[in-house]
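Beneath this line is the structure, given in structure tokens, with notes to follow.
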There are 2 protein chains.
Amino acid sequence: MASSIHDLARHLNISIGTVSRALNGRADVNADTRQRVLDAAAKLNYSPNQSGRSLRRGTTHSIAFMLQPHPGDQQYGEPFFIPFLTGLQAKLAESGLDLIVVMGAPGDYQQERLRRVVETRRADAVVLAYTRREDERIDYLTRVGFPFATLGRSRSGGKTYPSLDLDFEKAGADAVDRLVARGHRRIAAIRPSLNLNFGYLFLAGYRKALRRHGIEVDPELIAKGFINEAGGDAVTPQVMRSKDPPTAIIFNNDAMALGGCKALAEMGIKPGHDIAVIVIVDTPLCRYFSPALTGFRPRLEPMGRRLAEMLLASIPAFAGPEGARIIREVWPLELIARDSD
Amino acid sequence: MASSIHDLARHLNISIGTVSRALNGRADVNADTRQRVLDAAAKLNYSPNQSGRSLRRGTTHSIAFMLQPHPGDQQYGEPFFIPFLTGLQAKLAESGLDLIVVMGAPGDYQQERLRRVVETRRADAVVLAYTRREDERIDYLTRVGFPFATLGRSRSGGKTYPSLDLDFEKAGADAVDRLVARGHRRIAAIRPSLNLNFGYLFLAGYRKALRRHGIEVDPELIAKGFINEAGGDAVTPQVMRSKDPPTAIIFNNDAMALGGCKALAEMGIKPGHDIAVIVIVDTPLCRYFSPALTGFRPRLEPMGRRLAEMLLASIPAFAGPEGARIIREVWPLELIARDSD
DNA sequence: TGTGTTCTCGTAAACGTTTACGGAAAAACG
DNA sequence: CGTTTTTCCGTAAACGTTTACGAGAACACA
């Protein structure tokens, strides 16, 4: 069906070795024959079989991103990742690398699927997201010595891999500062599991800022829920029923915020009017919600590009002349002030 | 690094041929040795190198979905696809197939990337979305005889491939019916390029329903824009400035609707109050918008599962005993009534 | 003319699998 | 015990590449 290098060689009456060398730009081939090979390849539109090439080279020329939908979030989706993937793809393509997204089932922790990708050598490196504070995926990859990079930090694995994260700690603190400046003293925080590192960082920033302002951290105002709409819905009433209810709530996540606002509305409390609401990670949903939610916007597409650069720089086979370097960066989150606070 | 079948054979003192046969469940291997092989494989956690296997078998055991972000839509994302991919993945996994998502750059028509996937044999079949009325991707795939399925119909390629589509024609008609029942006679339609087949179908349904109600189709009330927020924003004022302005607008797409509502607001027209608005494809954004937009909801996750079934049934190598069948289905869109009409 | 160098290409091995084939041993059967 | 069948396994080729090696031809140089 597809033409192989043998077809090409037969067609040109030269050996497959020469054809291969010509196509791969090696020096020891006559300029004339190289041109003939290139022409013939274009004419028969030959492209090398990826399996054959990978097998021989030991490299797949592709990078895998592990995407795992949140459970119980069917109609919602992950608008977060598309711009990020767009940037990642664009930068990888500049180096001739393909990006493949490996879909997981909602809720599994990717461990099995990751092992499959690694052990069957489907990609030369992987990119992980949703890093956990202790992340077995990172432990595994460092243990077997497979190249990877992460969107998000973790305590696992040491400083042996590139990572790019958002400054959730500062965003948490900024949110508190902003609310305190507007006269709030009772500020609640709705967060996901602290295993998720961004939840941990957010809460750390929140706490630190409260103390800085001389406000005691009240455990009753901190609630943990699933990182989806149902989670925000379920947990928000809990903090509202505390003895001294909050006048402001910071949500760690847009989906939780939307669920939380729904719960508030059912309790007759109007966000932006009766209570201030801030969301840490802004998504388009925040903009269109009513009231439009104040939040912190990440620059996802540039982050994708940057993480691709960092990943490539960390792999000797892909790195430029200066050799492999491990880069770790934390990017700021930009406050987008809207109507909810 | 990763253990090969040779390591396994050496460790067990048997030939690689026997190891392979044992692992692949062939009959001509002793039950005892099979067990020993299986145990050793688990112990050394061996898994077959995908490149080697693909090369020999001529099959990759993976299906590619071509995902292409819309241009100028960076912060928006494609919430549409995640649930669909989740369903697709789930069903493919049941047959031991991997789903890989091939990212394209925004705006290119995938033709080049599709050729790469096909010619380098990265997947055994591909799934396309955003089918066009005349779709060169479909022409190409049928021409080279590469298995595929589409989310969406097309005039290209005949009835030779499985396809699953939504009934945009009926949704367009239903929207008109609903608006007419509420007394509207001047109903505008904002649509993308008619190359996009769902735009074509929608408009056909819209026209047919208007005629059925004895309402003349007014070209001034039909406008075409880019299928994103900017498109809706740019084109909506156009229909509002017609001599006899509409009292209702049907948007083909949620992003266009949001842009359109923004434009309406700037003209001092309140959707849901001064004008009725209906969106054909409902997404979470419609639910959270204010006013909440009436729209038609697709069942994306089941659609993903179904299309996976249909694709597998169409490929002899994967099909069950009854052999390959081409299935084409059109699924209904369910009206979700909200506040905008 | 003899020797060394450079240019160009063919040969063949290797990557890790799967599988057709054949053969030795065991089992079945007379 | 001889013959046939069955069971099980090893051998080797094949999938499509890349690349180390070597060899022939052309060329330069003394």
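Letters A, B, ... mirror the listed sequences (proteins, then strands); counts begin at 1.
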Within the structure, does a side-chain N or O atom of A:T33 lie under 4.0 Å from either OP1 or OP2 of C:dC9? yes
Starting at CG of B:N13 and ending at P of D:dG10, how long is that distance when rounded to a whole Å? 9 Å
Name the residue closer to the 5' end of DNA chain D, choosing between B:V29 and A:I5 according to the nucleotide with the nearest heavy atom. B:V29
What nucleotide, of D:dT18, D:dT17, C:dT17, holds the atom closest to the side chain of A:H6? D:dT17
Whole Å only: how far is the CD1 atom of B:I16 from the P atom of D:dT11? 10 Å
Ignoring hydrogens and angles, answer whether the base of D:dT18 and the side-chain atoms of A:R56 contain a donor-acceptor pair closer than 3.5 Å. yes
Considering the options B:F65, B:Y140, B:Y161, which one meets the ring-ring contact (aromatic ring centres under 6.0 Å, His included) requirement together with B:F148? B:Y161
Are any of B:R26's side-chain N or O atoms less than 4.0 Å away from OP1 or OP2 of C:dT19? yes
Separation of atom CZ in B:R53 from atom C1' in D:dA14, rounded to whole Å: 17 Å
For the pair B:H61 and B:F318, name the ring-plane relationship: parallel under 30°, tilted 30 to 60°, perpendicular over 60°. perpendicular
Please state how far atom CG in A:D28 lies from atom P in D:dC21, giving the value in whole angstrom units. 13 Å
Look at all strands and tell whether A:G17 reaches a base, only sugar-phosphate, or nothing, counting heavy atoms closer than 4.0 Å. base
So, A:D39 and A:R36, do they make that salt bridge, N to O below 4.0 Å? no
Could you state the CG-C1' distance from A:N49 to C:dG16, rounded to the nearest angstrom? 14 Å
C:dA14 P sits how many Å from B:L55 CG, rounded? 17 Å
Separation of C:dC9 atom P from A:R36 atom CZ, nearest Å, is 9 Å
Which whole-number value in Å describes the distance from A:Q50 CD to D:dG16 P? 14 Å
Got a donor-acceptor pair under 3.5 Å from the side chain of B:R21 to the base of D:dG10? yes
Can you tell me if the side-chain N/O atoms of B:N24 get under 4.0 Å from OP1 or OP2 in C:dT18? yes
Distance-only polar pair, side chains of B:T59 and B:D124, donor-acceptor under 3.5 Å: yes
Are more than 12 heavy atoms from other residues, nucleotides or ligands located less than 6.0 Å from atom CZ of A:R116? no
Are B:N30 and D:dC8 close enough that a side-chain N or O sits under 4.0 Å from OP1 or OP2? yes
Using only side-chain N and O atoms of B:S20, determine if any of them is under 4.0 Å from OP1 or OP2 of C:dT17. no
Name the residue closer to the 5' end of DNA chain C, choosing between A:T18 and B:Y46 according to the nucleotide with the nearest heavy atom. A:T18
What nucleic acid atoms does B:S4 come within less than 4.0 Å of, heavy atoms only: base, sugar-phosphate, or nothing? sugar-phosphate
